[in-house]
Amino acid sequence: MDDQVNPEAFFDSLSLAHKLDNYFDGFKLEEIHLFSYFSSFLYCYSGESIGTWPHRYTASNGFPFSATIYTAIKRHIQNGLFENKEEYYIISGRGTDEFNKFKGLSNFRSRERILNAVCTTAILVPYSQTVRALLNEPDLQKQIQLENGSWLNQMSFYPQFKKISDAVGIKANDLMIPAIELINSLSIQK
Amino acid sequence: MQKRYNFIKLEKVILRNFSLYKKNGKVCDIDETINAGVYCLAGANGLGKTTFLNAINYGLTGIVLEPEKTVYSPGEIVKFNHGYTERYFKGRIVKKDEKNAEIEILLRVNDKYFRIIRSFFERDKLRLLEIFSIEGNTKIDHFESKNKNPKELNDHYQQLLAIETGFINFDYFVFYQLYVLTFDENRRMIFWDDRASSQALAIAFNSEPDDAEKILDLARKMEKHESNGRNARWSSTQAKKKIEELMPKNKDRKSSDLEELEREFKILNRDLEKAQKVYENISIEYDTMLKRQSSLNSEIMQLKTAHTKLFSRYSRPRAQLLENTNIQLSIKKQECWLCGAVGSYIADNIEKSVRKGACPLCNTAIDKNYNADQDKLLKLIKKNDENITSKNSELDDLTQEIEGKKTDLDKAEIELKKVKNRVKDFSEDNPEISFKGTGNKKIDALIEQYRSQYERADKEAKEEYAKRDNLKPEYERLLKKVESSYREAETVFVPTFKKLAKSFIGLDLQIQPQRNNRLIKLVLELQNTARTESFQLSESQRFFLDIALRMALAILLSGNNDGATMIIDTPEGSLDITYENRVGDMFAQYVTTYHQNLFMTANINTSQLLLSLARKCGRNNMEFRRMIEWTDPSEIQKEGEYLFKQVFDSIEAALNEK
């Protein structure tokens, strides 16, 4: 039987790929998982409960890994929406068409706001610093060391909120401000 | 910070006048020096290996656990086991030796030695208590036993040992000694028993020792209030039934001279009816809204499921060309039939090209219906998305409405209570108006009696449930602390357990804490299986994983260099040879890698466990004792003596290998 494809995973992976490719001329598959994990933080910050975020993550090969995102990416590759360029992937013209078809769906519009903020951050802060900071997230680091296959504890985001709220105010309509603040705060974390 | 305990290290065990152990027909005093690492007592069935372990635990705690599976909380152990303890040694020690039979134990905690002597028939007394340390060649006493009676000596021993080990009181030492550090012949598995595991975790994962006591105390109190509440509820229901049975016999009886009061009473009752009706109506509306909310949630869930299916269909790879024989052959041979190129990349590239839905050579669309089908699916997805959005919006509106309705309901409830109180006050002030009676004085009296019984029980039930609910927030707060302490400790605990478990079971196990109602337990998962499926293990596999968990816990909690001593009774059980060998490895790791101690007994059979343990530990880390030196073998055992000798010799040889 075919794997079921989660609609949000279908869209999130397509949208993240589209943006990362536009900004950086290609992407690695683990970066899609990483930026999806980052998105779940902003989702929380925007006032939603982490329990309603559709993906859960474990730590795999030093990166967050979501099985739902993985299944969606596999389909995108099979259908020629993502193209393998040996070292990295790009989104094909057909992939961009698909993204444009779906981004208007009401359920995806609110996701697009978050995904957009996440990827734009990576332009404003040097990309390598963004990736390093995200990989420095304490629970991710702990689970990488433990190799116990536990779910990453997304509840551990909540303590970060206080720091960020103190820095940028309780509610920031522009999600990029808390996103950048998070990267800065993770960058200096030991 | 994770709390750690200073576990005891056994140094010497002496049994005097213990009639079970006879050599050449004479009671033989046992005097065993206990080494660090593994101490293993091996012997044939029925010689008294289990009794020896029970005697040691008795000497330390004054308790022998009754052979049943229940694990009691620290405060309950003595209460439920003292009767069994008082009977246990009868028969094992003959009548004439009862008075003089005693156990002497020398143990060490940190730098202090405790020397105790306990009679086998006075569980709460000590014949001797010495506490001392050795500096150079000088013995320094830390306890003055003069003028203290045996009961007082025992009390001092319990207090001082608890202080030295770091347990909040002696009951907790007993809990750890008997349940966590001892795996006896009853094979109690604490990590497969929700209550036991929850207690062990609450004690283990706490930065403040008082918290464990508070958790267990709150859990006990909540259970008690719940049970009282249930009993009172049952009594009130019974009383209500009785009233209902008697009420049909009611007849109105009017009093002509109290018309004014009666009129007032009627108005009050009308108000009550009205308030009742308002409350009921709002309650019905509220209930209907909740049902609609539930149905909307279910509809949204179904729409989301449909959405997932549509996306799965939409993104399903389609490629008619894959069925083409030339292409199939090219993929199989990894050789392009068109240009003849060869390589492992051929299959990947061909698949990628043909999945695009157009001919890779001339770029003609292959499946003309493909785009039309995709368009149809896209339309369905859009429609479904609109439906989900519309239902979600309806749900949001309804949720707001429900909040408003809940406020109305609370207000109506307050109003109803007020009117009820007015009616009650009036009834109490004017009993002749409010109670109309049945006309039969005896029945009236009976109804009154049941009514007061009902009110009393109903009030009690509500009070008991309220008391239970009042304790919940504090209980919840403390459990969260345990979970957070576990998270801190897991960096040591999890890898230790995984390592021990893997050496035994050969597989990577994962371990997660899980909340189940009021309890926290540890759940094992096998890597690469679905997380929701429980992993089936045989009973003997579970025994040893339970031991591995206890070992990991002991390693985590050991606060001094001596480590903890696990007492394990004849572990080999029903294991096959391969697993026996692996258990030997696991035990050896516990002793050699983690520097802990093992005090065990073993039967003499194929003894793969002992052989593997002996090879890994060597003489420096393992003492092998033959029970035959304490007891006379039976006739049957004499017949097989040469077999025992063979096994003993091979174990001795294995000890010399390292």
Side-chain angles (χ1 to χ4, degrees), chain A residues 1-11 13-14 52 54 56 58 60 67-68 71-86 92-95 97-98 100-110 138-139 141-151 153 155-156 159, chain B residues 300 303-319 345 348-349 351-358 374-375 377-378 381-390 392-393 483-484 487-488 490-495 497-498 508-513 525-531:
Chain A
M1 200 178 134
D2 283 346
D3 286 337
Q4 293 279 292
V5 173
N6 172 283
E8 284 84 2
F10 177 97
F11 180 74
S13 51
L14 199 55
T52 57
R56 294 183 80 185
T58 53
S60 170
T68 51
T71 309
I73 290 177
K74 205 164 76 181
R75 287 286 176 90
H76 294 332
I77 295 171
Q78 285 175 337
N79 287 325
L81 308 190
F82 291 179
E83 278 176 28
N84 188 346
K85 297 284 176 193
E86 302 299 331
S92 63
R94 209 168 138 202
D97 289 349
E98 288 290 282
N100 288 329
K101 272 187 214 165
F102 285 104
K103 72 176 180 192
L105 257 59
S106 58
N107 181 33
F108 294 151
R109 274 199 295 269
S110 55
D139 197 56
Q141 271 307 314
K142 180 177 163 189
Q143 295 306 337
I144 289 170
Q145 309 265 319
L146 270 181
E147 294 181 4
N148 189 39
S150 303
W151 294 117
N153 178 15
M155 297 296 280
S156 67
Chain B
I300 292 169
L303 284 170
K304 282 189 172 170
T305 310
H307 214 47
T308 304
K309 283 185 183 156
L310 287 171
F311 266 89
S312 302
R313 273 175 61 198
Y314 184 87
S315 59
R316 188 174 295 155
R318 296 176 185 201
Y345 67 94
D348 277 355
N349 283 358
E351 280 209 28
K352 206 159 63 186
S353 302
V354 295
R355 282 192 192 283
K356 285 180 182 164
Q374 291 296 87
D375 284 347
L377 275 173
L378 189 59
I381 286 174
K382 281 184 176 162
K383 192 159 172 23
N384 214 38
D385 183 69
E386 280 163 16
N387 273 339
I388 292 175
T389 310
S390 134
N392 268 328
S393 147
E483 282 172 330
S484 133
R487 292 271 173 222
E488 271 177 38
E490 70 179 347
T491 44
V492 175
F493 178 71
V494 171
F497 167 71
K498 284 172 69 168
D508 275 317
L509 284 178
Q510 296 167 356
I511 182 160
Q512 319 285 352
E525 292 166 353
L526 184 66
Q527 213 165 25
N528 303 327
T529 58
R531 281 160 202 284

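Sequence lines set the chain letters: A, B, ... in the order given, protein chains first and strands last, and positions in each chain run from 1.
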Distance check, rounded to the nearest 0.5 Å: [X] atom [atom1] versus [Y] atom [atom2]?
| X | Y | atom1 | atom2 | value |
| --- | --- | --- | --- | --- |
| A:Asn84 | B:Asn349 | CG | CG | 9.0 Å |
| A:Gln4 | B:Thr305 | CD | OG1 | 9.0 Å |
| A:Asn148 | B:Phe493 | CG | CZ | 10.5 Å |
| A:Arg75 | B:Arg316 | CZ | CZ | 6.5 Å |
| B:Glu490 | A:Gln143 | CD | CD | 6.0 Å |
| B:Tyr314 | A:Lys101 | OH | NZ | 3.0 Å |

Take atom NZ of A:Lys142 as the centre, draw a 6.0 Å sphere, and report whether it contains more than 12 heavy atoms from other residues, nucleotides or ligands.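 Enclosed.
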Tell me if a side-chain donor or acceptor on B:Ser312 pairs with a main-chain N or O of A:Val5 at a distance below 3.5 Å.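 Present.
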Top contributor to chain A interface from B:Ile511, B:Ile388, B:Asn392 [non-hydrogen pairs under 4.5 Å]: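 When all of B:Ile511, B:Ile388, B:Asn392 are compared, B:Ile511 has the most.
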Does any backbone or side-chain atom of B:Glu386 lie under 4.5 Å from a heavy atom of chain A? Answer side chain, backbone, both or neither.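 Neither the backbone nor the side chain of B:Glu386 comes within 4.5 Å of chain A.
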Checking B:Leu310 against chain A: side chain, backbone, both or neither under 4.5 Å from a heavy atom?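 For B:Leu310, neither part sits under 4.5 Å from chain A.
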Can you tell which of A:Leu105, A:Asn107, A:Leu81 has the highest number of heavy-atom pairs within less than 4.5 Å of chain B?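 Highest number of heavy-atom pairs under 4.5 Å: A:Leu105.
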Can you name the closest pair of heavy atoms from A:Asn79 and B:Ser315 and give their distance?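 The pair with the smallest heavy-atom distance is ND2-O, 2.5 Å.
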Measure A:Glu8 against the heavy atoms of chain B and call it side chain, backbone, both or neither at under 4.5 Å.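 Neither part; nothing is under 4.5 Å.
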Where on A:Phe11 is there a heavy atom nearer than 4.5 Å to chain B: the side chain, the backbone, both, or neither?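 Neither part, no heavy atoms under 4.5 Å.
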Which residues satisfy the side chain to side chain contact (heavy atoms under 4.5 Å, CB included) test with A:Ser110, sequence neighbours excluded?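 So A:Ser110 forms no side chain to side chain contact (heavy atoms under 4.5 Å, CB included) with any residue.
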Just jot down the salt bridge (Lys or Arg N to Asp or Glu O under 4.0 Å) partners of B:Glu483, sequence neighbours excluded, or say none.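 B:Glu483 satisfies salt bridge (Lys or Arg N to Asp or Glu O under 4.0 Å) with B:Arg515 only.
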Whether A:Phe108 and B:His307 hold their rings parallel, tilted or perpendicular, with breakpoints at 30° and 60°: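 Because their plane-to-plane angle lies in the 30° to 60° range, the rings of A:Phe108 and B:His307 count as tilted.
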A:Gln145 and B:Thr491 side chains, donor-acceptor separation under 3.5 Å: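 Checked: B:Thr491/A:Gln145 side chains show no N/O donor-acceptor pair below 3.5 Å.
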